[in-house]
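Side chains included, hydrogens not; waters and symmetry mates left out as well; all remaining heavy atoms used. Note that this is a predicted model, so its numbers are computed, not measured.
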Amino acid sequence: MGAKFDKIKCGAYLRQAQARLNIYRGKKLTRIAKTKDDICKHLASGNEVNAKIWCETLINEENMIPVYDVVSTMCDQVNGRLTYIEKFG
């Protein structure tokens, strides 16, 4: 048979995942702010083509922020239901 479900171990992994997600989210927000500054510099120097390329990157990075929030919320929900998962499999 397979390994038994370990509620404590799973909870620890979920908390660790949430901590990592918060770190990645913070790094992404910092990178977004830097990208906005870079876009301003490109526009100020007349490099409109480079600014457009950076805007595409910015949009993709900004779209990832809600993903981190949703995954963190899901980890929270699974963590709250660990007792039921352990009981019913």
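Atom CE of Met74 sits about 11.0 Å away from atom CG of Leu14, to the nearest 0.5 Å. To the nearest 0.5 Å, the span separating OG1 on Thr57 from CZ on Arg31 amounts to 10.5 Å. The CG atom of Leu58 lies 14.0 Å from the CD1 atom of Ile53; values are rounded to the nearest 0.5 Å. Rounding to the nearest 0.5 Å places CG of Leu21 at 10.0 Å from OG1 of Thr73. Here the CD1-NZ distance, from Ile23 to Lys27, works out to 7.0 Å after rounding to the nearest 0.5 Å.
With hydrogens and angles ignored, the 3.5 Å screen pairs no side-chain donor or acceptor of Asn79 with any backbone N or O of Cys75.
Under the 4.0 Å criterion applied to side-chain N and carboxylate O atoms, Glu62 and Lys36 are assigned as salt-bridge partners. We find that Asp38 and Lys34 are joined by a salt bridge, their nearest charged nitrogen and carboxylate oxygen being less than 4.0 Å apart. Ion pairing between Glu48 and Lys52 holds under the 4.0 Å rule for side-chain N and carboxylate O.
Tyr84 is not listed as a side-chain neighbour of Lys87, based on a closest heavy-atom distance of 4.5 Å or more. In this structure, the side chains of Ile39 and Asn50 stay at 4.5 Å or more apart for every pair of heavy atoms. In this structure the side chain of Asp69 reaches within 4.5 angstrom of the side chain of Arg25, judged on heavy atoms.
The two residues Trp54 and His42 have their closest heavy-atom pair at NE1-NE2, 3.3 Å. Here the shortest heavy-atom pairing between Ala51 and Leu43 reads CB-CD2, 3.6 Å. Contact between Tyr68 and Lys28 at its shortest, heavy atoms only, is OH-CE, 4.0 Å.
The number of heavy-atom neighbours closer than 6.0 Å to CZ of Arg81, taken from other residues, nucleotides and ligands shown, is 12 or below. By the 6.0 Å contact criterion, CE on Met64 is enclosed, its count of non-hydrogen atoms from other residues, nucleotides or ligands being greater than 12.
In terms of hydrophobic clustering, with Ile, Leu, Val, Met, Phe, Trp and Tyr side chains grouped at heavy-atom distances under 4.5 Å, Tyr13 and Leu82 are assigned to different clusters.
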